[in-house]
Amino acid sequence: MADLRLVWTLSGHGWAECTVADAQAEAETTASDITTAPEDLLTAVTRLLTGEGETRAQFEAEPTAYRWIFFREGNDVWIRVLELPDGGKHDNAGTEIWSSWQSLEAVAQAVIRCFDEVMREYGVSGYRGKWGEHFPALELEALRRAWRDK
């Protein structure tokens, strides 16, 4: 298992780039505001912390989609990121662009750090102005609470 890093950058009105990396590899995904991508990612990790064995989040890049699949085994998580030509397609239609085994703690910490940094960089109004939706404060707090309770 390696150091996990996640960076969420608002790249234009309603668009974000999300970079995920460990010591071996890095991948960049794109998300548009037509879905609740940040909320879905935060919720997927929260659900892992509360005991679910598999969770997912999907970023729509119109028409491309990036599907994040998390498989939990004990205190470890296998993360797969697939690029799909269309978000409605089956996993088998996608190409794996990044995968990594991480501790559950490392995943939770990386996602919390990522969105804490987003808040520091943009603030509430800056985030809303660039993304077009409210900052996912409730989902971030739920993740933080689940991580503390673990």
Side-chain angles (χ1 to χ4, degrees), residues 1-10 15-62 64-122 124 127-128 131-150:
M1 283 183 264
D3 180 44
L4 179 63
R5 294 173 313 282
L6 201 69
V7 178
W8 183 271
T9 305
L10 298 176
W15 291 95
E17 303 300 324
C18 182
T19 303
V20 59
D22 63 11
Q24 282 73 46
E26 176 178 299
E28 188 170 290
T29 64
T30 302
S32 82
D33 65 357
I34 65 167
T35 63
T36 53
E39 291 88 345
D40 293 349
L41 181 62
L42 289 158
T43 300
V45 175
T46 301
R47 289 174 38 215
L48 285 173
L49 283 167
T50 60
E52 288 192 38
E54 179 182 336
T55 63
R56 293 165 177 253
Q58 185 160 301
F59 298 175
E60 294 293 336
E62 304 176 46
T64 304
Y66 296 93
R67 188 169 297 151
W68 297 64
I69 308 169
F70 302 89
F71 298 99
R72 179 178 174 176
E73 287 188 14
N75 287 321
D76 295 325
V77 179
W78 180 36
I79 307 165
R80 295 181 70 210
V81 180
L82 305 178
E83 182 176 348
L84 295 105
D86 179 288
K89 300 283 186 187
H90 188 276
D91 291 351
N92 292 342
T95 301
E96 184 176 282
I97 61 169
W98 186 86
S99 69
S100 181
W101 276 100
Q102 298 288 328
S103 70
L104 186 55
E105 183 172 336
V107 174
Q109 287 177 336
V111 174
I112 290 168
R113 272 193 313 265
C114 172
F115 283 94
D116 281 348
E117 181 58 32
V118 168
M119 179 52 72
R120 270 191 296 281
E121 184 172 341
Y122 300 102
V124 172
Y127 182 89
R128 174 124 170 109
W131 181 245
E133 299 295 334
H134 292 287
F135 181 79
L138 293 176
E139 291 82 359
L140 178 57
E141 186 51 37
L143 173 55
R144 199 182 314 276
R145 200 171 35 255
W147 180 59
R148 278 193 302 254
D149 292 348
K150 169 133 178 47

Side chains of residues 79-89: which donor-acceptor partners sit under 3.5 Å, not counting sequence neighbours?
residue: Arg80; atom: NE; partner: Glu96; partner atom: OE1; Å: 2.6
residue: Arg80; atom: NH2; partner: Glu96; partner atom: OE1; Å: 3.3
residue: Asp86; atom: OD1; partner: Gly88; partner atom: N; Å: 2.7

Checklist entry - If you round to the nearest 0.5 Å, how far is CG of Leu143 from CG of Leu49? => result 6.0 Å

Item to check | Pairs meeting criterion ring-ring contact (aromatic ring centres under 6.0 Å, His included) with involvement of residues 16-61, two or more places apart | outcome: Trp8-Phe59, Phe59-Trp68

Checklist outcome for this item: By side chain to side chain donor-acceptor pair (under 3.5 Å), Thr30 pairs with (sequence neighbours left out) Glu17

Checklist entry - Tell me, do His134 and Val124 make a side-chain contact under 4.5 Å, heavy atoms counted? => result no

Next on the checklist: Ala25: which residues meet the side chain to side chain contact (heavy atoms under 4.5 Å, CB included) condition with it, sequence neighbours left out?
Outcome noted: Asp22, Trp98

Checklist entry - Would a 4.5 Å heavy-atom cut-off, applied to side chains only, mark Arg5 and Val7 as touching? => result no

Item to check | Pair Ile112-Leu42, side chain to side chain contact (heavy atoms under 4.5 Å, CB included): steps then yes or no | outcome: CA-CA 8 Å; Ile112 290 168; Leu42 289 158; 6.0 Å; no

Next on the checklist: Is it the case that the side chain of Tyr66 and the backbone of Cys18 share a donor-acceptor pair, with hydrogens and angles ignored and the cut-off at 3.5 Å?
Outcome noted: no

Item to check | Partner residues of Glu54 under the salt bridge (Lys or Arg N to Asp or Glu O under 4.0 Å) criterion, sequence neighbours left out | outcome: Arg56

Checklist entry - Taking it one step at a time, do Glu139 and Thr46 satisfy side chain to side chain contact (heavy atoms under 4.5 Å, CB included)? => result CA-CA 8 Å; Glu139 291 82 359; Thr46 301; over 6 Å; no

Next on the checklist: Return the OG1 to CG distance between Thr55 and Leu48, rounded to the nearest 0.5 Å.
Outcome noted: 3.5 Å

Item to check | Pairing residues for Glu105 by the side chain to side chain donor-acceptor pair (under 3.5 Å) criterion, not counting sequence neighbours | outcome: Gln109

Checklist outcome for this item: Sequence neighbours excluded, the answer for side chain to side chain donor-acceptor pair (under 3.5 Å) partners of Glu52 is Arg47

Next on the checklist: Any heavy-atom pair between the side chains of Val111 and Leu140 that's under 4.5 Å?
Outcome noted: no

Item to check | Results of side chain to side chain donor-acceptor pair (under 3.5 Å) for Thr36 - residues two or more places apart only | outcome: Asp40

Next on the checklist: Test: salt bridge (Lys or Arg N to Asp or Glu O under 4.0 Å). Region: residues 107-121. Which pairs qualify, not counting sequence neighbours?
Outcome noted: Asp116-Arg144, Glu117-Arg120

Checklist entry - Do Trp78 and Glu73 come close enough that some side-chain heavy atom pair is under 4.5 Å? => result no

Checklist entry - Are Tyr122 and Thr9 close enough, and set up right, to give a side chain to side chain contact (heavy atoms under 4.5 Å, CB included), and what steps lead you there? => result CA-CA 10 Å; Tyr122 300 102; Thr9 305; 3.9 Å; yes

Checklist entry - Sequence neighbours excluded, which residues qualify as ring pair (Phe, Tyr, Trp, His ring centres under 6.0 Å) partners of Trp147? => result none

Checklist outcome for this item: By side chain to side chain contact (heavy atoms under 4.5 Å, CB included), Arg145 pairs with (sequence neighbours left out) Glu141, Ala142, Arg148, Asp149

Checklist entry - What closest approach, in Å, do Asp76 and Ser103 show between heavy atoms, and which atom pair accounts for it? => result OD1-CA, 3.9 Å

Item to check | Sub-4.5 Å side-chain heavy-atom contact between Phe70 and Gln102 | outcome: no

Item to check | side chain to side chain contact (heavy atoms under 4.5 Å, CB included) involving Gln58 - partner list, sequence neighbours excluded | outcome: Glu60, Ala65, Arg67

Next on the checklist: For a quick test of reading the model, state the closest non-hydrogen atom pair linking Ala31 to Trp131 and the distance between them.
Outcome noted: O-CZ3, 3.8 Å

